[in-house]
Amino acid sequence: MLGRLAVDVAIYRDRVQVTERKSGLFVDQRADLPFSTEERLIADAARFEHALSHALRQILKNGGYMLYKPSALVGPTDPPLSPEDRDLVCKVLRDTGFREIEFQDD
């Protein structure tokens, strides 16, 4: 039975954690190439997108998901997202196909 893809995304320094809400499937993905610096949680968008995409592929390989309006809830993050990082997370998630994006701190 197909279900709509809905994930929770937690972002830490050079690490992304993705949990598929319905099944509880959890992926803890360390970045192959660092995307964080001392000053910014997400300093390199391409490297962040690579880590996020790798985690999402781990979820999707189990199958059974409709990709119609996939949704993501972002949070927690450590440290908290700056406005620039928040915009970047939205862009990367949209580029990855997500249409509904919420932040836990909203």
Side-chain angles (χ1 to χ4, degrees):
M1 184 163 161
L2 291 178
R4 191 171 141 220
L5 180 63
V7 298
D8 295 333
V9 179
I11 306 166
Y12 303 97
R13 293 200 180 276
D14 301 324
R15 169 176 254 111
V16 177
Q17 295 177 337
V18 178
T19 305
E20 197 282 317
R21 285 188 210 137
K22 187 173 183 178
S23 70
L25 182 61
F26 173 79
V27 175
D28 182 12
Q29 181 64 49
R30 183 177 257 330
D32 293 332
L33 299 168
F35 58 77
S36 301
T37 63
E38 287 294 319
E39 298 79 31
R40 297 220 21 216
L41 181 59
I42 304 171
D44 189 306
R47 291 178 178 182
F48 169 68
E49 184 171 4
H50 181 268
L52 179 63
S53 295
H54 190 70
L56 290 169
R57 278 194 301 272
Q58 297 299 311
I59 300 276
L60 292 173
K61 77 178 184 180
N62 292 305
Y65 300 106
M66 292 185 303
L67 297 180
Y68 175 73
K69 289 188 180 180
S71 66
L73 174 64
V74 179
T77 66
D78 185 26
L81 292 172
S82 68
E84 296 84 13
D85 286 343
R86 190 179 175 111
D87 291 344
L88 188 69
V89 168
C90 276
K91 181 185 180 327
V92 167
L93 284 167
R94 289 199 191 290
D95 289 350
T96 308
F98 285 86
R99 296 296 166 248
E100 296 178 14
I101 302 165
E102 295 180 57
F103 287 85
Q104 198 173 51
D105 59 0
D106 282 348

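As a basis for the values below, the full set of heavy atoms in this structure was taken, side chains included, without hydrogen atoms, waters or symmetry mates.
Using a 4.5 Å heavy-atom cutoff, the side chains of Gln29 and Val18 are not in contact. At least one side-chain heavy atom of Arg86 sits less than 4.5 Å from a side-chain heavy atom of Asp105. When side chains are defined from C-beta on, Leu25 does not count as touching Thr19, because their heavy atoms never get closer than 4.5 Å. Between His50 and Leu33 the shortest side-chain heavy-atom distance does not fall below 4.5 Å. Between Val27 and Gln17, every side-chain heavy-atom pair lies at or beyond the 4.5 Å cut-off. Counting only heavy atoms from C-beta outward, the side chains of Val74 and Phe98 never approach each other to under 4.5 Å.
Ion pair Asp14/Arg30 not flagged as a salt bridge, since none of the NZ, NE, NH1 or NH2 atoms sits closer than 4.0 Å to an Asp/Glu carboxylate oxygen. Salt-bridge annotation for Arg15 and Asp78: absent, with no side-chain N of the basic residue lying under 4.0 Å from a carboxylate O of the acidic one. Lys91 has no carboxylate O lying under 4.0 Å from a charged side-chain N of Asp87, or vice versa, which leaves the two without a salt bridge. Ion pairing between Arg4 and Glu100 holds under the 4.0 Å rule for side-chain N and carboxylate O.
Residues in residues 54-71 take part in no salt bridge (Lys or Arg N to Asp or Glu O under 4.0 Å) pair, two or more places apart or across chains. Residues in residues 33-43 take part in these salt bridge (Lys or Arg N to Asp or Glu O under 4.0 Å) pairs, two or more places apart or across chains: Arg40-Asp85. For the ring-ring contact (aromatic ring centres under 6.0 Å, His included) condition, the pairs that include at least one residue of residues 26-47, sequence neighbours left out, are Phe35-Phe48.
Residues Cys90 and Ile101 share a closest heavy-atom pair of O-CD1, 3.8 Å. Scanning both residues, Val16 and Ala51, for their nearest heavy atoms gives CG2-CB, 4.1 Å. Residue Val92 comes nearest to Ala45 through the heavy atom pair CG2-O, 4.3 Å, listed as atom of the first residue, atom of the second, then distance.
Considering only residues two or more places apart in sequence or on other chains, Arg13 meets the side chain to side chain contact (heavy atoms under 4.5 Å, CB included) condition with Ser36, Leu41, Pro79. Take Arg99 and apply the salt bridge (Lys or Arg N to Asp or Glu O under 4.0 Å) test, not counting sequence neighbours, and it matches no residue. Residues satisfying the side chain to side chain contact (heavy atoms under 4.5 Å, CB included) criterion with Arg21, sequence neighbours excluded, are Ala6, Asp8, Ser71, Leu73.
Note that CG of Leu93 and CG of Leu56 are 8.0 Å apart. Values are rounded to the nearest 0.5 Å. Asp28 CG to Gln58 CD: the interatomic distance, rounded to the nearest 0.5 Å, is 11.5 Å.
Exactly one residue among Leu88, Asp95, Asp44 makes a side chain to side chain contact (heavy atoms under 4.5 Å, CB included) with Glu49. That residue is Asp95.
Under the 4.5 Å side-chain heavy-atom criterion for grouping Ile, Leu, Val, Met, Phe, Trp and Tyr, Tyr12 is not connected to Leu52 through any hydrophobic cluster.
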